[in-house]
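Working notes for the structure below.
Computed from a predicted model, the values in this text were never measured in an experiment. All chains are named by letter (A, B, ...) in the order of the sequence lines, taking the proteins before the strands, and each is independently numbered beginning at 1.
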There are 2 protein chains.
Amino acid sequence: MGIIRKTKAVTTVLQIFEEKNEAQSVVHLIELVKDKMNKTTVYRILDRLEADGIIHSFNGKDGLKWYAKCKGCSAEHHTDKHPHFQCTECDKVECLSIDIKIPTIKNHKVESTDILLTGRCEVCSI
Amino acid sequence: MGIIRKTKAVTTVLQIFEEKNEAQSVVHLIELVKDKMNKTTVYRILDRLEADGIIHSFNGKDGLKWYAKCKGCSAEHHTDKHPHFQCTECDKVECLSIDIKIPTIKNHKVESTDILLTGRCEVCSI
DNA sequence: GTTATTAATGCAACTGAGTCGCAAAACTAG
DNA sequence: CTAGTTTTGCGACTCAGTTGCATTAATAAC
């Protein structure tokens, strides 16, 4: 939706998502680019990228906000119903491509589904 | 686990969970008892009650912490795998008793499952 | 009931994520 | 290049949640 300009700051943020190819917490992102831009800018860029369907957000296990690149989402059609997995050891988050069936709940109109699994990731399982 | 004393403050908090019989955000709880006790006390009581398996916690849609009474949970055996539903209109949270199947994920040891559905609740669906 | 022990509380100060307003800088269209 | 609009930096702010420490209240032993 939003008219988004390709500024240096936007490019920098997008590059991180491209290179790392994994979900990033806002806190971590701010740390990564702290010499290049202000934290307010980071928050605002993430807002815009999400509004444009380029990334999606969710809350990690401690309530902090995380973002990840959308695969096959647009501003109109957000298929971000996939669950996330966060490791209790290293805190990393993975987007899972598994599909979890949510039954309909009578008298409730479910608009979004946030699923966060926590446990040991591949690396931390020894 | 924790040696828990039946203080006035603890009784007050527990009474709220009994009477209301629905999930409470910490912020709301603090507001409810602000004439009777300090907010630090509320946080600490909730911690203890959770450690004892009397209540369970989860994060609401905006990352705030919520608590609800456990039904059939103990300190050792926490069956808090049920999903929660939060209304986008009135913000209320319900514990759902539906069972959602989570497939096993290879090379991952899933330890807990947090599912938060958001949408319109019965009352707010008009 | 009194006393000793230990847990629970109050208070004030702090931390850290996220927001806001506004002036300055950077982008885009013409 | 210029005008119009978006984006950024900065500083101050909000608000949930935490911490340390001195004080108070609950429990257990007598």
- Which parts of residues 25-36 of chain A get close to DNA chain C, meaning a heavy atom less than 4.0 angstrom away? A/V26, A/V27
- Item | All side-chain contact (heavy atoms from CB on, under 4.5 Å) counterparts of B/T41, not counting sequence neighbours | B/A9, B/M37, B/N38, B/I45
- Task: Mind telling me whether A/W66 and A/F58 have parallel, tilted or perpendicular rings, with 30° and 60° as the class edges?
- Result: parallel
Tell me which donor-acceptor pairs under 3.5 Å the side chains of residues 19-26 of chain A have, and how far apart each pair is, sequence neighbours excluded?
from, atom 1, to, atom 2, distance (Å)
A/Q24, OE1, A/H28, ND1, 3.1
A/Q24, NE2, A/E22, O, 3.2
A/S25, OG, A/H28, N, 3.0

- Return the set of residues passing salt bridge (charged side-chain N to carboxylate O under 4.0 Å, His left out) with B/K61 (not counting sequence neighbours), or none when no residue passes. B/D91
- Query: Expressed in angstrom and rounded to an integer, what is the separation of B/Y67 atom OH from D/dA16 atom P?
  - Reply: 15 Å
- Name all residues meeting the side-chain hydrogen bond (donor to acceptor under 3.5 Å, both in side chains) criterion together with B/D35; count only those two or more places apart in sequence or in a different chain, and write none if there are none. none
- Item | Residues which pass salt bridge (charged side-chain N to carboxylate O under 4.0 Å, His left out) with A/K39, listed by chain and number, not counting sequence neighbours | none
- Task: Applying ring pair (Phe, Tyr, Trp, His ring centres under 6.0 Å), name anything that partners A/F17, two or more places apart in sequence or on another chain.
- Result: none
- Query: Could you give the CZ-to-P distance, from A/R48 to D/dT5, as a whole number of Å?
  - Reply: 17 Å
- Message: Rounded to whole Å, how long is the line connecting atom CG of A/D62 with atom C1' of D/dA16?
- Response: 13 Å
- Can you name the side-chain hydrogen bond (donor to acceptor under 3.5 Å, both in side chains) partners of A/E31, sequence neighbours left out? A/K34
- Item | Residues forming a side-chain contact (heavy atoms from CB on, under 4.5 Å) with B/D47, sequence neighbours excluded | B/Y67
- Go through the side-chain N and O atoms of B/T118 and A/S112 and say whether any donor and acceptor fall under 3.5 Å apart. yes
- Euclidean distance, atom CE of residue B/M37 to atom P of C/dG10 [Å, nearest integer]: 7 Å
- Message: Does the protein touch nucleotides 19-30 of chain C at the base, only the backbone, or not at all? Give it as B, S and - per nucleotide, heavy atoms under 4.0 Å.
- Response: BBB----BBS--
- Item | Degree of bending in the helix from C/dG1-D/dC30 to C/dG30-D/dC1 once both end axes are built from five pairs, to 10° | 40°
- Between A/I45 and B/G63, whichever has its closest DNA chain D nucleotide further toward 5' is A/I45
- Item | Rounded distance in Å - CH2 (B/W66) to P (D/dG17) | 12 Å
- To the nearest angstrom, how far is A/N38 atom CG from D/dA12 atom P? 13 Å
- With sequence neighbours left out, the residues meeting side-chain contact (heavy atoms from CB on, under 4.5 Å) with B/L14 are B/V10, B/L49, B/I54
